[in-house]
Every structure is written in structure tokens, then in C-alpha cells.
Amino acid sequence: MNNEHPNTPATMTAATSTPSSSAAAAPATDTTHSYRERRGELATYFDRTASDKWVAMTSDTPLNRIRATVRAGRERMRATLLSYLPAELDGRRLFDAGCGTGMLSMEVARRGAAIVAIDLAGTLVAQAQVRAAADPVTAAIDFRVGDMFDPALGEFDHVVAMDSLIHYDARDVVRVIKGFAARTRGSIVFTFAPKTGPLALMHAVGKFFPRGDRSPAIVPVGETQLRRLIAQELPDWRIGRSERIVSGFYTSQALELLAPGFSAP
């Protein structure tokens with residue numbers, strides 16, 4: 001889902017869980033058992049338990065103080081990822097991996113891109129379609145429910161995954177990114193949950209809450225380890241810009257990867 005949990009779209013304590021975009025998954029042959037198991041948890045949580053909260057989070061509905069900081073953080077992160085993409089995208093094909101209610105996709109559509117946007121949560125995709133239908137430009141977005149690794153999706157110039165990989169450990173994150181790289185000509189921009197002291201503490205404390213009272217846990221990832229794994233698995237790709245966004249209970253870090261021969265805008 002776009003983009004964004006125990007907790008909130010990217011961090012929150014388990015007791016105050018808010019929605020996040022459910023992450024899509026790789027084919028069973030390319031993923032670990034833990035990855036596939038978590039994918040099922042995310043699909044259930046974001047398609048059923050948290051769908052109403054997520055729709056509210058991605059609208060102008062008034063929120064409490066904590067969730068308002070999360071919304072503000074997400075808006076800053078979305079603007080950051082958009083700044084990593086070319087201002088003009090006419091003739092380009094972009095993949096929104098974990099699109100949620102489609103906010104990022106709709107902004108990119110106005111730059112001229114042909115967009116495929118996918119999420120595990122059908123209720124959120126349905127909401128995205130309703131919102132996009134109000135404008136002829138965004139109405140052309142190809143919203144789908146399903147697996148981001150479906151080979152039928154084809155190749156892309158750019159891939160964006162906002163807060164849709166923050167529930168996985170570093171090795172699974174890189175496994176997903178490597179799958180994207182195999183069908184991406186330009187750039188991949190994604191976010192991860194950086195391993196900081198406060199975030200690690202929230203992650204640990206969240207485990208003590210009853211399972212029914214918490215959303216799927218985020219997994220803090222060490223930036224150094226992540227960069228090392230990317231360099232090992234994608235030696236021809238270059239790591240570009242990076243920015244950490246902290247806004248109250250939201251913490252997430254953007255990272256840009258550039259395909260061989262591609263220059264950042």
C-alpha cells in the first residue's frame with residue numbers, strides 16, 4: 001500500500017496504531033517464508049482492520065494530534081520522493097508499488113506518466129479509483145489489486161515504493177528491490193524504517209501488546225547494512241539521494257537507486 005505501522009505509516013507505538021499501505025510481495029519462489037507470512041498479515045490488516053483509518057489518514061479528515069504528525073510526515077515524504085523523479089514524465093511508465101489510496105500516483109499522473117499502481121488491499125484500491133475518477137488525467141491510472149511481482153506488469157522507467165517495505169528485514173527489502181531492478185530502466189525510489197534508538201524501542205515495546213491490539217510491526221533497518229546489501233546484490237546500480245523524515249510519530253527514510261547509464265533529474 002502506498003506507502004505506509006505497529007503502528008503508523010512508518011512508526012507509531014502499538015497502542016496507537018494507524019494504517020499503512022500494505023506491501024505487495026514477490027513470488028513464492030523468490031521470497032522467504034517470513035516474507036510470505038508477513039504479506040498475508042498485511043493484506044488482512046490493511047484490507048479489513050485498518051482500511052477506514054487509512055482512508056481518513058489520506059484525506060483532509062481532522063485527526064488527533066498523534067495521527068496529525070503522521071499525516072504531516074507522510075506529506076513531506078511524498079514530496080521528497082516526487083522530487084527524486086523527473087518533472088516531465090511524458091512517455092514514461094511508472095510503477096507505484098503499494099499504492100494505497102493512490103495519492104502519490106495521482107500527483108505523478110499530472111506529470112504525464114503512464115502509471116500502474118498496485119496494492120494488496122482491495123478496499124484501498126477501490127478508494128483510489130473513486131478519487132482518481134474525478135479528474136480525466138488521474139482517471140487513466142491503471143489501479144490493480146494483487147502482486148507487485150507479477151511479470152505481466154512489464155517493465156518500467158521508474159518504480160516508487162513509499163513505506164511499503166518497512167515491515168521487512170534488510171535482506172527481504174533488498175530481495176524486493178532486486179526484483180524491481182530486473183524490470184526498471186531508470187530509477188527506484190523507496191523508503192525504509194531506519195534503525196534509530198527511539199524507533200527500535202517502539203518496535204520492542206510493541207511486542208508486549210496483545211496481538212489483537214497492534215498492527216503489523218515495522219522492522220527497523222540499519223542504513224549501513226542496507227547500503228552494503230544493495231552494493232552486493234546490485235553492483236551496477238548507483239545509490240543516489242537519501243533523506244530521513246521525522247515528524248512526531250512518523251520516521252521513515254527515502255533512498256534513491258539509479259540504473260546503469262541513468263542520470264538523476
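For this chain, numbers begin at 1 and follow the sequence in order. Computed from a predicted structure; not experimentally measured.
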How close do [X] and [Y] get, counting heavy atoms only, and between which atoms?
X	Y	result
Gly154	Arg183	O-CD, 3.5 Å
Ala109	Val137	O-CG1, 3.5 Å
Ala161	Phe180	CB-CE1, 4.3 Å
Arg111	Leu85	NH1-O, 3.3 Å
Ile218	Ala193	CD1-CB, 4.3 Å
Leu226	Ala170	CD1-O, 4.4 Å

Using side-chain heavy atoms (C-beta onward) and a distance below 4.5 Å, is [X] in contact with [Y]?
X	Y	value
Val173	Val219	no
His167	Leu165	no
Ile239	Ile230	yes
Leu94	Val160	yes
Pro194	Thr251	yes
Arg110	Asp135	yes

(Q) Run the side chain to side chain contact (heavy atoms under 4.5 Å, CB included) test on Arg93 and Glu155 for me, step by step, so that the C-alpha distance in whole Å, both residues' side-chain angles and the decisive distance to 0.1 Å come before the verdict. (A) CA-CA 8 Å; Arg93 196 162 186 255; Glu155 297 184 348; 5.5 Å; no
Apply the test side chain to side chain contact (heavy atoms under 4.5 Å, CB included) to residues Val108 and Ile115: give CA-CA distance (whole Å), side-chain angles for both, the deciding distance (0.1 Å), then the verdict.
-> CA-CA 8 Å; Val108 175; Ile115 301 169; 3.9 Å; yes
[atom1]/[X] to [atom2]/[Y] distance, rounded to the nearest 0.5 angstrom?
X	Y	atom1	atom2	result
Arg76	Ser252	CZ	OG	11.5 Å
Ile177	Leu234	CD1	CG	8.5 Å
Phe190	Leu81	CZ	CG	10.5 Å
Leu255	Arg241	CG	CZ	11.0 Å
Arg171	Leu229	CZ	CG	5.0 Å
Thr138	Met103	OG1	CE	12.0 Å

[X] bridged to [Y] by N-O distance under 4.0 Å:
X	Y	answer
Asp90	Arg92	no
Lys195	Glu223	no
Glu233	Lys178	yes

Hey, quick one: are [X] and [Y] part of the same hydrophobic cluster, counting side-chain heavy atoms closer than 4.5 Å, chains of contacts allowed?
X	Y	value
Ile245	Ile66	yes
Val176	Leu258	no
Tyr250	Leu82	yes

query: Checking side chain to side chain donor-acceptor pair (under 3.5 Å) for the pair Gln253/Glu243: CA distance, chi angles, key distance, verdict?
result: CA-CA 6 Å; Gln253 184 160 337; Glu243 182 173 350; over 6 Å; no
Distance-only donor-acceptor check, side chains Ser242 and Glu256, under 3.5 Å
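Distance-only check fails for Ser242 and Glu256.
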| task | In sequence, state the C-alpha distance, the side-chain angles, and the governing distance for Arg144 and Val116, and then conclude on side chain to side chain contact (heavy atoms under 4.5 Å, CB included). | result | CA-CA 7 Å; Arg144 306 186 188 189; Val116 176; 4.0 Å; yes
Side-chain ([X]) to main-chain ([Y]) donor-acceptor, under 3.5 angstrom:
X	Y	answer
Thr184	Val159	no
Ser83	Thr80	yes
Thr101	Ala128	no

- Task: Evaluate the ring pair (Phe, Tyr, Trp, His ring centres under 6.0 Å) criterion for residues Phe262 and His158: first the C-alpha distance (whole Å), next the side-chain angles of each, then the deciding distance (0.1 Å), finally the verdict.
- Result: CA-CA 11 Å; Phe262 180 78; His158 304 281; 5.5 Å; yes
Worksheet entry | Atom CZ of Arg185 with >12 non-hydrogen neighbours under 6.0 angstrom |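 Check passes, neighbour count above 12.
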If you count the non-hydrogen atoms of other residues, nucleotides and ligands that lie under 6.0 Å from CD in Glu88, is the total more than 12?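 Not buried by this count: 12 neighbours or fewer within 6.0 Å.
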Worksheet item: Pairs in or reaching into residues 70-114: which pass ring-ring contact (aromatic ring centres under 6.0 Å, His included), with residues at least two apart or in two chains?
Response: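 For residues 70-114, and leaving out neighbouring residues, the ring-ring contact (aromatic ring centres under 6.0 Å, His included) pairs sorted by first residue read Phe95-Phe156.
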